[in-house]
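Following: one structure in C-alpha cells, then a few remarks.
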Amino acid sequence: MESTRHASDGRVPDGRGPGANPGFEEASASAVERASHFDSEGDDRQLGRTATRIIVVASCLYALFHLAVLNFWAIDEWMYRVLHVNLGAIIAFVTLRGFPFEKINRVYPWDILLALAALGCTIYVGMNLNMLLMRAGVITTPGDFACGVIGTIVVLEFTRRTSGLVLPLIALAFISYIFLGPVLPGILRHSGFQTANAFSFLYSQDAIFGLTVAASSRYIIIFVAFAVFLQASGVGDYFMRVAMACFGWMRGGPGKVSVFSGLFFGTISGSAVANVVASGTFTIPLMRRLGYPKEDAGAIEATSSSGGQLVPPVMGAGAFIMAEITGIPYAEIILAAALPCLLFYAAVFVNVDKHAQRLGLHGVKRADLPRFSSLKGDVFLLLPLYVLLYLLLTGYSIIAAGTWGLVSTVLVMLARELKLHSTVLVLPLILYTLAPFAGYAINVASFGASLVSAAVIVAVALATGRGSWSVAPVLARTCLDGLSDTTRKSLQLISVMACAGIVVGVLGLTGLSGRFSSVLLDIAGDSTLVAFILAMVVSIILGMGMPTTAAYAIAASVVAPALQQMGVAPLAAHMFVFYCAVISAITPPVAIAAFAASALSGGKPWATSVRAMRFGMAAFLLPFMFYTSPEILLLGSVGSTVFVFATALVAVYLFATASEAYLFGPIGPLERLVALTAGILLLWANLASDVAGLALAAALFAWCRYRGGATRLA
C-alpha cells in the first residue's frame, strides 16, 4: 500500500503527532478519502465561492439557533423539533449529492424542490401549530395529510443522503406495515388505520418528532460542537502524543497506541468511522511499519475505534437517547458505563499484547517517541473535559454542562493562541464561583463568566506582550469554521433520529412492539440467557449498515421491553442493547468500522472484520454481565462491585488467551477451550462459578507454565 511505504519514513522525534509529518499526510490522503466513504454520508458538493459562503453562514446560523434556543430563547417544543429536522434537511439537500451521476459543482432542480418541500412543511406546522396539537393523527384535514406525506418523504430522502439506504428501507417497510397489517396473519395482524390519519400521526410528536428527535434536538448540536471545538483546540493531537509516550515503546507498541487512542478519541467523538479516520491514519501505517499484517492492523484500529462509542461522556449519542427513553439521569448512565468501558479496552489491550508476543513484534524506539516533559505544557487542553464531567456529576443539567464545556473550550483556544496556557487554570475558579449564584439562569452566567475570563486572558496577554489583537481574526475564523463543521457533522445524527422516529412511531401505533416482546418471551421461555442471546442477535442485525444510535433507538423499542418483562433492570436491559448495537460495527457481513480500517491498511475488508471480531471477542461476552453481574453497572455495594470487576479482569485475560492461543507459548484447542470456559464462569456473579473459574484458570496457568518450562529444558 502506497501510504504504508511513505509512512515508514516518518518519525515523531518532536512529539507533535500525526500532523507533524507533511509527507505522511499527503501519502495517507487517498486512504482517508476511501475510509470516509464507509461513514455512509453523501459526498459534499463543491460549489462556487459565493454559494459556499452562503452555506457556511447558514450552517453557522443553524448551530447558533440551537444554542440560543437551548440556553436563552424559549419556543414551542414541537416547532423547535420541526425546525431542527427540516432546516437541517434543507442544508443537506443543497450540500450533499443525491446520486453518483450528479455533478459535484451543481445543485439540481429536485434538490431545490426537496428544500422547498421541507420549508413548506415547516411553515404549515408553524401556521397551524395550535390546531395540530389537538388533531394530529385523529382528525386529519387535506392539508395535514399533504404535509404528512411530503414531510415523511423529506425525512426519508434526508436520511438516504446522509446515511445510505438501509434505514430508509426499514422505515418504508414499517410504513407499509400500517396498511398491510389487516391482511397479514398471526401476531402481525392489526385492525388497520386510515391513510390520512396514519401520515398525520407519523408527522407528529408521536413518531418523527418524538423521543428520538427530542434527544437529538436537545443534545446533539451542543455535544457535536463541543467535540469539534475541542479537536480544533488540538486535543486530538495531544491524545495521540500521550498514547505514543505511554505505550509506543511497549511490545507491539503501535497496536497499544491504537487501543488507547480509541479510548481517548471516544471521549469526544461518537462515531466509530470518525475514530478510525482520526487515529487510524497515524496508527495503522505505524503498525504496518513494525510488522503487523494488513488485516491485523486494520482490525485492531476498527475494534478500538468502535469501543469509543462506549466511552463516557458522549457514548455515540446513545446515552442521550437512553436518558430520554428510560428517564434514568444522564449522569447515572455515564457512571454505569465506566466499568464496562474499561473492561472492553482492557480486553482489547491484553489481546493486542498477546498477539504481539505471539508474532514477536517490538515497540517504537524511545528516541522516536514524544517526551513526557513536552506534554506537561499542553495538559490545559483537557480542561473542557474536566469542566464537562465535573458539572455532569455534580447535578447540573446536560445542556448546562455541555454549554459550559463548549465555552471553556473556546477560552482554551484563546489562551493557546495567546500563549498563556497557565492562565486557563484559573477559569474553573471563576466559573464555579459564579455558578452557585446563577440559579435558573446558569447558562446566562456561563457566558458572562466566559466573557470575564476572556477579558482577563486578553488583558494579561497584552500587558505581558505575549499577544496582540491580530489573534482576534484567527479565533473568529476558527469559531466560524467550527460552527459550520458542527452543522455538517450533525446532519447524519439528526436524519437518522428522525427516520428512527418513524419506526418507533409505527411500533407504538400498531402495538407491534408489545407483540414482538411476547414472541421473544415465548421463545425464551423461562431462560433469561436465551432471551439475552436473542436480544443480542436482533440488536447486532439492526446495527449492520446503519449508525449505532439509530440501531439502539429501534432495538430499545423492540427488544429492551421484553428483557424488562423478565425482571431485568431497565438500565441493564438498555445498556445491553446499546452495547450490542456498538459491536455490530465490527460484525460481518456489514462491519462498517472494519471496512473503513481496511481502506487505510490495504487489507481485505471481510478478513479485517473477522479478525476484528477476534480482537473484540470479549465484547460479545461482557454484555451478559449486565444481567449476571449487575454490580458492574454500579447496581450493588462497593465491595461486590470491586470483586466483580476484579474477576472480570481475569476473565478478559482468559478470553484473550483463548483468542490468541498463547499462554507462556502457543497453546492447543483443548487449552483454549479451558481458558474460554474459565472466563465465562468468572463472568457469572456466583461464588460457586467464581471458584470453579479460578480453579480452572489456576490449573491452566500451572499446566502451561510447566509445559513451557519442560519445552525449554528439552
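In this chain, residues are counted from 1 in sequence order.
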Donor-acceptor pairs under 3.5 angstrom involving side-chain atoms of residues 565-594: please list them, not counting sequence neighbours.
unit_1: His574; atom_1: ND1; unit_2: Tyr552; atom_2: OH; d: 3.0
unit_1: His574; atom_1: NE2; unit_2: Gln564; atom_2: OE1; d: 3.3
unit_1: Ser584; atom_1: OG; unit_2: Gly543; atom_2: O; d: 3.2
unit_1: Ser584; atom_1: OG; unit_2: Ala581; atom_2: O; d: 2.5
unit_1: Thr587; atom_1: OG1; unit_2: Ile583; atom_2: O; d: 2.8

Which atom pairs, one a donor and one an acceptor, fall under 3.5 Å between side chains of residues 257-266 and the rest of the protein, sequence neighbours left out?
unit_1: Ser258; atom_1: OG; unit_2: Glu301; atom_2: OE1; d: 2.7
unit_1: Ser258; atom_1: OG; unit_2: Ser304; atom_2: OG; d: 3.4
unit_1: Ser261; atom_1: OG; unit_2: Val257; atom_2: O; d: 3.1
unit_1: Ser261; atom_1: OG; unit_2: Ser258; atom_2: O; d: 2.9

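With contacts defined as side-chain heavy-atom distances shorter than 4.5 Å, the pair Phe624/Ile533 qualifies.
Under a 3.5 Å cut-off, the side chain of Ser233 and the backbone N or O of Leu230 do form a donor-acceptor pair.
To the nearest 0.5 Å, atom CG of residue Leu406 and atom CZ of residue Phe223 are 10.0 Å apart.
For the ring-ring contact (aromatic ring centres under 6.0 Å, His included) test, residues two or more places apart in sequence or in another chain that qualify with Phe701 are Tyr653. With sequence neighbours left out, Arg614 forms a salt bridge (Lys or Arg N to Asp or Glu O under 4.0 Å) with Glu660. Under the side chain to side chain donor-acceptor pair (under 3.5 Å) criterion, Ser689 pairs with no residue at all, not counting sequence neighbours. Residues satisfying the ring-ring contact (aromatic ring centres under 6.0 Å, His included) test with Tyr330, not counting sequence neighbours, are Phe320.
Considering all non-hydrogen atoms of both residues, Leu361 and Leu290 come closest at CD2-O, 3.5 Å. Of all non-hydrogen atoms in Leu339 and Ile632, the two that sit nearest each other are CB-O, 3.6 Å.
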| request: For the pair Thr628 and Phe532, evaluate side chain to side chain contact (heavy atoms under 4.5 Å, CB included) and give the outcome as yes or no after the intermediate values. | output: CA-CA 11 Å; Thr628 63; Phe532 267 88; over 6 Å; no
